[in-house]
**Student:** 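Encoded as structure tokens, here's the structure I'll be asking about.
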Amino acid sequence: MADNQPQPALRPLPNLKIIVQCLRTIVTEVEKFENLPAFDQGARILAALQELQQGMAGLQQGQADHEQRLVELQHNVVELQQRQLDLPQGQAGILEHIKRLEDDSSRRDKNNIARAINSTGNLRANLLEPLYGLNGLLVPNFPRTGADIERLNGIGDGINALLAALGLEMGGTVVARKERFKKYIGFVAGMD
């Protein structure tokens, strides 16, 4: 009896070809999901954010460059202000230098006139015109005549003091120093 039992009826079996074809269609269609705005927006948003970040970095760099230039300009302004403050001091120094040059020029002019006068008085008894020293004042104890020059010695306020007041070399014998002095003041010793 067991053999005679009715066999259950076969149910329909799945068609694997249709399933495979459907799966392929699903895969093809799922690949198209990236074209949907809802799914692509993430990538687009990320790209837009990256562009914004790059733009912000560029703006920050530009701002840093401008700040550096501003610091340099401020430094230049401070230097210019300092130069303006130094300008009156520099002008005062220039004016002082000009005054010294004028004084020195005036002293030289006066001494040249005195030399011209001294060169005409070739006698030992003629009066000598005194010269101005380096300090711009008349040389103290300047000899009045050629005879006074001859009486000078190398001691104390003698020939050395006169040479020093005029800025002349003080080396050599007393005779050599007197000749240097006479030549400088324009005195030409003549016949007595």
Side-chain angles (χ1 to χ4, degrees), residues 53-192:
Q53 286 176 335
Q54 290 172 350
M56 287 297 292
L59 285 174
Q60 289 173 341
Q61 181 61 44
Q63 183 179 1
D65 291 344
H66 288 304
E67 288 174 358
Q68 178 64 32
R69 288 184 186 137
L70 181 61
V71 167
E72 290 172 2
L73 284 173
Q74 289 171 339
H75 180 70
N76 289 343
V77 166
V78 168
E79 283 182 6
L80 285 173
Q81 289 172 339
Q82 183 60 43
R83 287 181 184 168
Q84 285 178 335
L85 292 175
D86 293 342
L87 189 60
Q89 293 171 348
Q91 287 175 337
I94 290 170
L95 292 174
E96 183 180 322
H97 185 70
I98 289 172
K99 171 122 177 60
R100 281 195 310 261
L101 288 174
E102 287 173 347
D103 291 347
D104 191 47
S105 177
S106 174
R107 180 182 65 84
R108 278 189 302 220
D109 290 344
K110 290 175 187 176
N111 283 349
N112 285 337
I113 292 169
R115 283 185 193 99
I117 293 170
N118 291 341
S119 69
T120 61
N122 58 6
L123 297 175
R124 288 174 42 142
N126 288 353
L127 292 178
L128 295 172
E129 187 67 26
L131 271 66
Y132 288 81
L134 294 176
N135 61 5
L137 302 174
L138 286 173
V139 173
N141 303 319
F142 197 88
R144 298 299 297 146
T145 65
D148 291 340
I149 295 173
E150 294 305 320
R151 285 191 285 276
L152 291 172
N153 59 37
I155 302 170
D157 287 337
I159 190 69
N160 286 346
L162 294 170
L163 294 172
L166 295 169
L168 299 174
E169 172 66 37
M170 293 187 291
T173 65
V174 173
V175 172
R177 287 181 275 167
K178 286 180 185 179
E179 287 303 314
R180 185 177 310 122
F181 177 75
K182 287 191 252 181
K183 182 177 178 182
Y184 186 78
I185 68 167
F187 181 71
V188 179
M191 302 212 168
D192 294 312

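We count residues from 1, following the sequence as given.
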**Student:** Show the nearest heavy-atom pair for residues Gly133 and Val139, with the distance to one decimal.
**Tutor:** N-CG2, 3.6 Å

**Student:** Provide the closest heavy-atom pair for Asn141 versus Leu162 in the form atom of the first, atom of the second, distance.
**Tutor:** O-CD2, 3.8 Å

**Student:** Would you give the length of the straight line joining atom NE2 of His75 to atom CG of Leu80, rounded to the nearest 0.5 angstrom?
**Tutor:** 10.0 Å

**Student:** Answer yes or no: is there a side-chain heavy-atom contact under 4.5 Å between Met56 and Gln53?
**Tutor:** no

**Student:** Using the test ring pair (Phe, Tyr, Trp, His ring centres under 6.0 Å), find all partners of Phe142 that sit at least two apart in sequence or belong to another chain.
**Tutor:**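 Phe142 satisfies ring pair (Phe, Tyr, Trp, His ring centres under 6.0 Å) with Phe181 once adjacent residues are dropped.
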
**Student:** Under the side chain to side chain contact (heavy atoms under 4.5 Å, CB included) rule, collect the residues that match up with Ala114, sequence neighbours excluded.
**Tutor:**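 Checked Ala114 against side chain to side chain contact (heavy atoms under 4.5 Å, CB included); matches are Glu129, Leu131.
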
**Student:** Checking Gln82 now: which residues fulfil side-chain hydrogen bond (donor to acceptor under 3.5 Å, both in side chains) with it, not counting sequence neighbours?
**Tutor:**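 Partners of Gln82 by the side-chain hydrogen bond (donor to acceptor under 3.5 Å, both in side chains) criterion, ordered by chain and then number, come out as Asp86.
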
**Student:** List the atom of Asp148, the atom of Pro143, and the distance in Å for their closest heavy-atom pair.
**Tutor:**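 Closest approach of Asp148 to Pro143, heavy atoms only: CB-CB, 3.6 Å.
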
**Student:** Not counting sequence neighbours, which residues clear salt bridge (charged side-chain N to carboxylate O under 4.0 Å, His left out) with Arg108? List them please.
**Tutor:** Asp104

**Student:** Identify each donor-acceptor pair in which a side-chain atom of residues 168-179 lies under 3.5 Å from a protein atom, sequence neighbours left out, and give them as a table.
**Tutor:**
from   : atom 1 : to     : atom 2 : distance (Å)
Glu169 : OE2    : Gly171 : N      : 3.1
Thr173 : OG1    : Ala176 : N      : 3.1
Arg177 : NE     : Gly172 : O      : 3.1
Arg177 : NE     : Thr173 : O      : 3.3
Arg177 : NH1    : Asn160 : OD1    : 2.5
Lys178 : NZ     : Glu150 : O      : 2.7
Lys178 : NZ     : Leu152 : O      : 2.8
Glu179 : OE2    : Lys182 : NZ     : 3.0

**Student:** Consider side chain to side chain contact (heavy atoms under 4.5 Å, CB included). Of Asn111, Ile117, Ile149, which one does Ile185 pass it with?
**Tutor:**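 It is Ile149; the other options fail the test.
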
**Student:** How would you list, by chain and number, every residue that makes a side-chain hydrogen bond (donor to acceptor under 3.5 Å, both in side chains) with Asn112, sequence neighbours excluded?
**Tutor:** Arg115

**Student:** Of all residues at least two apart in sequence or in a different chain, which pass the side-chain hydrogen bond (donor to acceptor under 3.5 Å, both in side chains) check with Glu67?
**Tutor:** Gln63

**Student:** Side chain to side chain contact (heavy atoms under 4.5 Å, CB included) for Asn135 and Arg107? Distances and angles first, verdict last.
**Tutor:** CA-CA 9 Å; Asn135 61 5; Arg107 180 182 65 84; over 6 Å; no

**Student:** Could you work out, with side-chain hydrogen bond (donor to acceptor under 3.5 Å, both in side chains) as the rule, every residue matching Gln61, not counting sequence neighbours?
**Tutor:**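 Once residues adjacent in sequence are excluded, the partners of Gln61 under the side-chain hydrogen bond (donor to acceptor under 3.5 Å, both in side chains) criterion are Asp65.
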
**Student:** Can you name the residues that form a salt bridge (charged side-chain N to carboxylate O under 4.0 Å, His left out) with Glu79, not counting sequence neighbours?
**Tutor:**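 Glu79 satisfies salt bridge (charged side-chain N to carboxylate O under 4.0 Å, His left out) with no other residue.
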
**Student:** Is there a side-chain contact between Thr145 and Leu127 in this structure, where contact means two heavy atoms from C-beta onward sitting under 4.5 Å apart?
**Tutor:**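 Answer yes - side chains close enough.
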
**Student:** Residues two or more places apart in sequence or in another chain: which of them pass side chain to side chain contact (heavy atoms under 4.5 Å, CB included) with Lys110?
**Tutor:** Ser106, Tyr132

